[in-house]
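Sequence positions, counted from 1, serve as the residue numbers for this chain. Read the numbers this way: they start at 1 and go in the same order the structure lists the ligands and their atoms. Computed over heavy atoms, backbone and side chain alike; hydrogens, waters and symmetry mates excluded.
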Amino acid sequence: MSKKFASQKLIVGNWKMNQSLIDIDLFFEQLIKNKDKIDCNFWIAPQYIHIPKLLSFKSYLPKLFCVGGQNASHKESGAFTGDISSKALKDIGCDFVIIGHSERRSFFRESDEIINVKIETALKNNLKVIFCVGETLQERDGDHTKDVIKNQIVKGLKGLSSKQLSEIIIAYEPVWAIGTGKNATVKEAEEVHRFIRNELTSSVGLNPDELIVLYGGSVNPENIDALLASPDIDGALVGGASLKINDFLKLCYASSTRTSSEKK
Ligand code: PGA
């Protein structure tokens with residue numbers, strides 16, 4: 001990622017399987033009204049079918065706004081009923097895709113190996129990738145957090161060049177914090193973010209200032225300030241709180257007052 005991009009905080013709304021067309025109209029009416037108060041990168045990944053609708057608002061918003069997919073196929077094209085390709089996402093105007101979310105790993109049994117192929121395919125199609133990693137409560141309680149994260153990173157990013165890796169954003173999302181209302185403390189998040197940064201910068205020589213590591217898991221307007229105050233947390237991947245425009249705006253405003261430039 002470029003230095004300039006990395007110097008601004010990033011809020012990514014992961015809408016999951018939510019929102020109706022009316023909800024989206026009301027959301028964007030307010031977002032556009034308040035756009036001048038936003039000075040951070042703000043991205044949204046809606047359900048696939050709503051992607052064109054979100055893209056239709058792009059011209060009313062600053063370039064800081066991007067639209068992406070919540071998942072993409074491991075294959076370029078072919079007989080894969082129900083799947084969506086990275087190529088189609090790029091074709092329609094998406095800038096990014098989320099890969100390896102814990103809900104994909106658990107409900108759809110996505111392995112580290114398949115996630116690795118998905119990442120490679122997305123990068124080949126010039127999409128930025130938000131690659132999610134995170135431990136379960138049982139793994140944290142058993143003191144395996146770093147081993148789990150390292151394993152996910154090593155397998156998920158296997159074989160990628162440093163140039164490809166520079167298009168990847170890592171989202172640390174402890175599984176126990178997703179949708180539970182129980183976020184990781186700043187100290188807990190920072191510790192893992194530093195670990196991820198060290199792993200990636202020492203093993204593949206990435207510039208630590210250009211590596212973006214987001215935190216995800218029960219982020220809301222009440223805890224965002226404390227999280228973003230950490231120079232190791234470059235932004236947030238947000239589920240529940242990104243669905244309500246007032247909360248999403250508060251997250252964007254909190255991010256706009258900070259830069260990541262004082263990093264590490
Ligand atoms: P949450 O979800 O903010 O609702 O915890 C985060 C995510 O799953 O990305």
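- Every residue was checked against the ring pair (Phe, Tyr, Trp, His ring centres under 6.0 Å) condition with Tyr253, not counting sequence neighbours, and none meets it.
- Protein residues with a heavy atom under 4.0 Å from ligand 1 are Asn14, Lys16, His101, Glu173, Ala177, Ile178, Gly179, Gly217, Ser218, Leu237, Val238, Gly239, Gly240.
- Judged as a ring pair (Phe, Tyr, Trp, His ring centres under 6.0 Å), and not counting sequence neighbours, Trp176 has no contacts.
- The ring of Phe65 has its center no closer than 6.0 angstrom to the ring center of Trp43.
- Remark: of the listed residues Arg105, Lys158, Lys155, Arg105 is the sole one forming a side-chain hydrogen bond (donor to acceptor under 3.5 Å, both in side chains) with Asp112.
- Legend: salt bridge (Lys or Arg N to Asp or Glu O under 4.0 Å) pairs involving residues 14-29, not counting sequence neighbours, sorted by first then second residue: Lys16-Glu103, Asp25-Lys53.
- A salt bridge does not link Lys146 with Glu135: none of the charged nitrogens is closer than 4.0 Å to a carboxylate oxygen.
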